[in-house]
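Single-structure report; data block below.
None of the values given here were measured: they were computed from a predicted structure.
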Amino acid sequence: MISAIRSRFSGFRYAGIAAICALLVTASCRYKDKAVVVTPVTPTSSYGSLTVKFSNEAGGTAIVMGSGTYTNAAGNAYKVDLLKYFVSNFTLIKSDNSEHNFANYKLINAADTSTCSFTLDSVANGTYKAVRFYIGVDSAKNHTLLNEGDLNPSNGMVWTWSTGYIFFKHEGTFINDTGGTSVLLYHYGVDANMKTIDIPVSAFTIAADHKTMLLKFDLNKQYGDPNVITFDSGNAVHQSLETRDRAWLGQMKANFSSAFTFDKVQ
Amino acid sequence: MSNKKLHICLAILALMLSVTVFNACKKDINPDAYTGPTPYLLVIPTGLPRMDIPANNPMTQEGVALGRKLFYDPILSGNRTMSCASCHNQAFSFTDSSNQYSIGIDGLAGTRNAMNLVNLGYQKKFFWDGGAADLESQVIGPIQNPVEMHENLANAIHKLNTDLEYPTLFKKAFGGDTITTSMLMRAIAQFERTMISGNSKYDQYVRGSATLTAQELRGMELYQDPAKGDCTHCHAMGSTFSDFEFRNNGVDSIYADAGRYKITLIGSDSGKFKTPSLRNIALTAPYMHDGRFTTLQQCLDHYNTGFHYSPSLDPVLSVSPKGRMTAQDMTDIIAFLHTLTDTSFINNQAFKHP
C-alpha cells in the first residue's frame with residue numbers, strides 16, 4: 001500500500017496531503033463545535049415563568065436584623081438575629097383546580113434578600129387562583145442529610161443529635177418587662193410538624209410571560225394568630241425534640257397558616 | 001536520505017500534523033480532567049452477610065483513603081485538636097479506652113460511652129439512641145456537637161477547601177473543584193464501611209480453622225440457652241452479634257437518659273438504647289450506654305440478678321427469672337465472649353493513621 005502511494009506521489013505532495021488531512025479534520029472539528037452550541041430555545045407559547053418573593057415582617061414592618069425591636073401579641077419585646085425557614089414543594093393551582101408541584105426546597109434567610117425569592121420556570125399558561133407550599137422538608141429528604149443545595153447540612157438548619165432539618169429557626173433576644181434580656185431560640189421541625197400552607201391569591205394569568213408574586217411572612221402573626229405564644233415562663237427556648245416543646249409545636253404549626261399571606265402579583 | 005525513507009518520513013509527518021490538528025480541536029478536554037475514582041472491592045469475611053452499599057455512595061479506593069485521612073485529622077474540630085480517632089481508638093475496637101465519657105475540645109464531657117465502630121455497614125441507625133438515620137448523616141453529628149469536636153460545619157468545609165492537600169484528594173474521590181459537605185459525609189462513611197471484623201477466634205472456629213475450649217463451648221451454649229444467658233435474643237448469635245434494635249435492658253427504672261424516646265418522642269421508647277454488637281466486647285470496657293460497668297462480670301451480674309423492672313423493660317428480660325445463671329455459667333459465657341476478640345481487626349494496617 002505504502003509502496004503504491006510512494007510510486008505515484010512525489011515528495012512535496014505529502015505537504016498537500018497533510019494540509020488536506022488537517023483541513024478535513026479541522027472542518028469536522030468545526031462541525032462538532034457547531035453541533036454542541038446550544039441554540040437558544042425560542043420561548044414556546046405554552047409556558048411562562050413566575051418569581052415568588054417572600055418579604056419578612058414583624059407587625060407589618062420589614063424586620064431589621066439585630067437592631068429592630070418588635071412586640072408580640074403577648075406584649076413581649078424581642079429582637080431578631082436570625083430568621084430562616086424552609087419553603088418546599090411550591091404548587092400552583094389553576095382556576096380549574098389542576099395543580100403543578102414544582103418539587104423545590106428553598107431555604108429563606110431573612111437576612112439575605114437574595115435568598116427570599118425563587119423563580120419557577122415552565123409555568124403553564126393559564127389562570128391561577130391559589131398556591132400551596134410546605135413549611136419544612138418532606139420525609140423523603142428529612143431522613144438523611146446527604147442532600148445538596150439549600151438542603152446542604154452546612155446551612156445551619158440541621159440538628160446534631162438527630163437526623164433531620166430544622167424547618168423554622170428564629171434566634172434573637174427576648175427583652176422582659178424590666179428590660180432584662182435573655183436568649184430567644186426557636187428551632188421548629190420533625191416530620192409531623194411539617195405544615196401545609198394554602199393561600200388563595202387574586203387570580204392572575206400566565207400567557208408566555210413572566211410575573212412576580214409577593215408573599216408576606218409576619219413574625220408577630222406567627223407568635224399571635226390565633227395562638228398567643230409568650231416568651232415568658234421559660235418559653236423563650238424551644239428545640240422541638242423534647243416533651244416540653246409539644247404544646248409550643250402545636251401552637252406554632254397552627255399559626256403558620258395566618259403568618260403567611262398573599263400580597264400581590266405584578 | 002534515500003527517496004524511500006523520505007517518502008516514509010513525509011507520510012509520518014502528514015499523519016502527525018493531522019493528529020495535532022485533531023487534538024487541538026478537542027479543546028474542551030483538560031488533560032488533568034477527572035477520570036473517575038477506582039471502585040473499592042469490599043472483601044466480606046466468610047460467615048458475615050453481604051453488605052448493602054447505598055447507591056448514593058459507592059465505595060471507591062480514593063473515597064476510602066480520603067475517609068481514613070479525615071477520620072484521623074483534627075482539622076475537623078473547632079480548634080484542630082481532636083479527630084474522630086481521639087475517642088475511637090483502634091486498639092480498643094474504636095472506643096475511647098477506659099473512659100466512661102469522652103471529653104470534647106472545650107473540656108466538656110458527653111453523657112454516653114463512645115460506641116465501638118465495628119461492622120457499621122450492617123447497621124441502619126447510629127448513636128446509642130439511633131438519632132442518626134444513616135451512616136453518612138452520622139458523620140457530621142460529632143463534628144458539630146458542642147461537647148465533642150465543636151466545629152461549625154460550614155467552617156469545617158471552608159478549612160478543607162483552603163487546605164493544601166484536601167481539594168485534590170476530594171477531586172480524585174468525587175470530582176468537582178469545590179469540597180461539599182456531602183463529600184465529607186460520603187468519604188468518612190466509606191472508610192467506616194471497610195472497618196469489618198470477622199476474624200475472631202469464634203469466626204475461625206465457625207470456618208473450621210480453630211477450636212474452642214470446652215469452657216468456651218459451654219459458654220457458647222449458655223449464651224444461646226433461653227433458660228440461662230439468653231444473650232442471643234438481642235445480641236443475635238453469629239455474624240453481627242446484635243439485632244441493632246432499641247431495647248430497655250433494665251439498667252434503670254427511672255431514666256436519667258430517656259434514650260430512644262429523645263428521638264421518637266414515643267413514650268414506650270423511654271430508656272431504650274441500641275443493642276450494641278458484642279464483637280470485640282472484651283476490648284470495649286466500660287459497658288452500657290453510660291459506661292457504668294467496668295467489667296464483663298458486672299454485665300453478666302446485671303442480666304442475671306441486677307436488672308430493674310419498668311414498663312418499657314424488654315419483654316424477654318421482664319420474664320427472665322433472676323438468678324437463673326450460676327457463677328460458673330457466667331464465667332463460661334465470659335470465656336466465650338473473649339472468643340469474639342479480633343486481634344487482626346485492631347491491628348489492621350488499613351485502619352491505622354495513614
Side-chain angles (χ1 to χ4, degrees), chain A residues 1-3 5-33 36 139 142-149 151-165 190-193 239-246 249, chain B residues 3-4 6-28 54 56-57 125-127 129-134 136-146 148 152-158 180-182 184-186 189 258 261-265 267:
Chain A
M1 179 70 177
I2 285 178
S3 67
I5 293 169
R6 194 179 63 212
S7 66
R8 289 185 196 170
F9 297 94
S10 64
F12 86 96
R13 283 185 183 156
Y14 283 105
I17 292 169
I20 290 163
C21 286
L23 273 172
L24 279 170
V25 175
T26 311
S28 73
C29 146
R30 274 198 198 119
Y31 175 74
K32 273 186 195 162
D33 277 1
V36 297
S139 58
N142 201 30
H143 293 179
T144 180
L145 303 181
L146 200 55
N147 297 312
E148 306 277 3
L151 294 175
N152 182 331
S154 289
N155 291 336
M157 293 295 275
V158 298
W159 279 286
T160 60
W161 68 93
S162 181
T163 300
Y165 289 91
V190 183
D191 283 359
N193 301 317
Q239 297 198 64
S240 273
L241 299 179
E242 293 176 42
T243 317
R244 63 175 285 274
D245 299 316
R246 282 186 175 175
L249 286 165
Chain B
N3 202 30
K4 183 178 174 182
L6 180 69
H7 280 280
I8 291 169
C9 281
L10 287 171
I12 291 169
L13 194 67
L15 196 64
M16 282 171 66
L17 184 57
S18 310
V19 168
T20 308
V21 174
F22 181 71
N23 280 340
C25 99
K26 295 196 287 183
K27 56 181 174 278
D28 57 331
N56 59 10
N57 193 16
K125 295 191 187 308
F126 301 87
F127 301 141
D129 56 19
D134 56 41
E136 283 76 6
S137 300
Q138 183 279 333
V139 166
I140 55 179
I143 294 173
Q144 300 174 90
N145 192 327
E148 297 183 51
N152 172 295
L153 199 49
N155 196 48
I157 300 299
H158 174 73
T180 66
T181 317
S182 70
L184 167 67
M185 296 160 73
R186 286 184 168 98
Y261 171 81
K262 287 184 173 181
I263 304 304
T264 64
L265 297 184

Can you name the residues that form a salt bridge (charged side-chain N to carboxylate O under 4.0 Å, His left out) with B:Lys262, not counting sequence neighbours? B:Asp257

Top residue by heavy-atom pair count (under 4.5 Å) with chain A, among B:Leu265, B:Asn56, B:Asp134, B:Leu184? B:Leu265

Could you have a look at B:Glu148, B:Gln138, B:Glu136 and say which one has the most heavy-atom pairs with chain A under 4.5 angstrom? B:Glu136

For A:Pro153 and B:Met185, work out which heavy atoms get closest and say how close. CG-SD, 3.9 Å

B:Phe126 meets the ring-ring contact (aromatic ring centres under 6.0 Å, His included) criterion, sequence neighbours left out, with none

With respect to chain A, which residue among B:Thr264, B:Asn57, B:Thr180, B:Leu153 yields the maximal number of heavy-atom pairs within a distance under 4.5 Å? B:Leu153

Please find the pair of heavy atoms, one from B:Ala132 and one from A:Thr163, that lie closest to each other, and give the distance. CA-OG1, 3.1 Å

Over all heavy atoms of both residues, which pair between A:Trp161 and B:Phe127 is shortest? Give the atoms and the distance, please. O-CD1, 3.8 Å

Under 4.5 Å heavy-atom distance to chain B, tell me which part of A:Glu242 shows up: side chain, backbone, both or neither. backbone

Pairwise distance OG(A:Ser154) to CG(B:Asn155) - rounded to 0.5 angstrom: 10.0 Å

Considering only heavy atoms, which portion of B:Gln144 lies under 4.5 Å from any heavy atom of chain A: side chain, backbone, both, or neither? both

Measure from the side-chain N and O atoms of A:Thr160 to the backbone N and O of B:Asn145, and report whether any donor-acceptor pair falls under 3.5 Å. no

What one should report as the nearest heavy-atom pair of A:Leu146 and B:Ser137 is N-OG, 4.3 Å

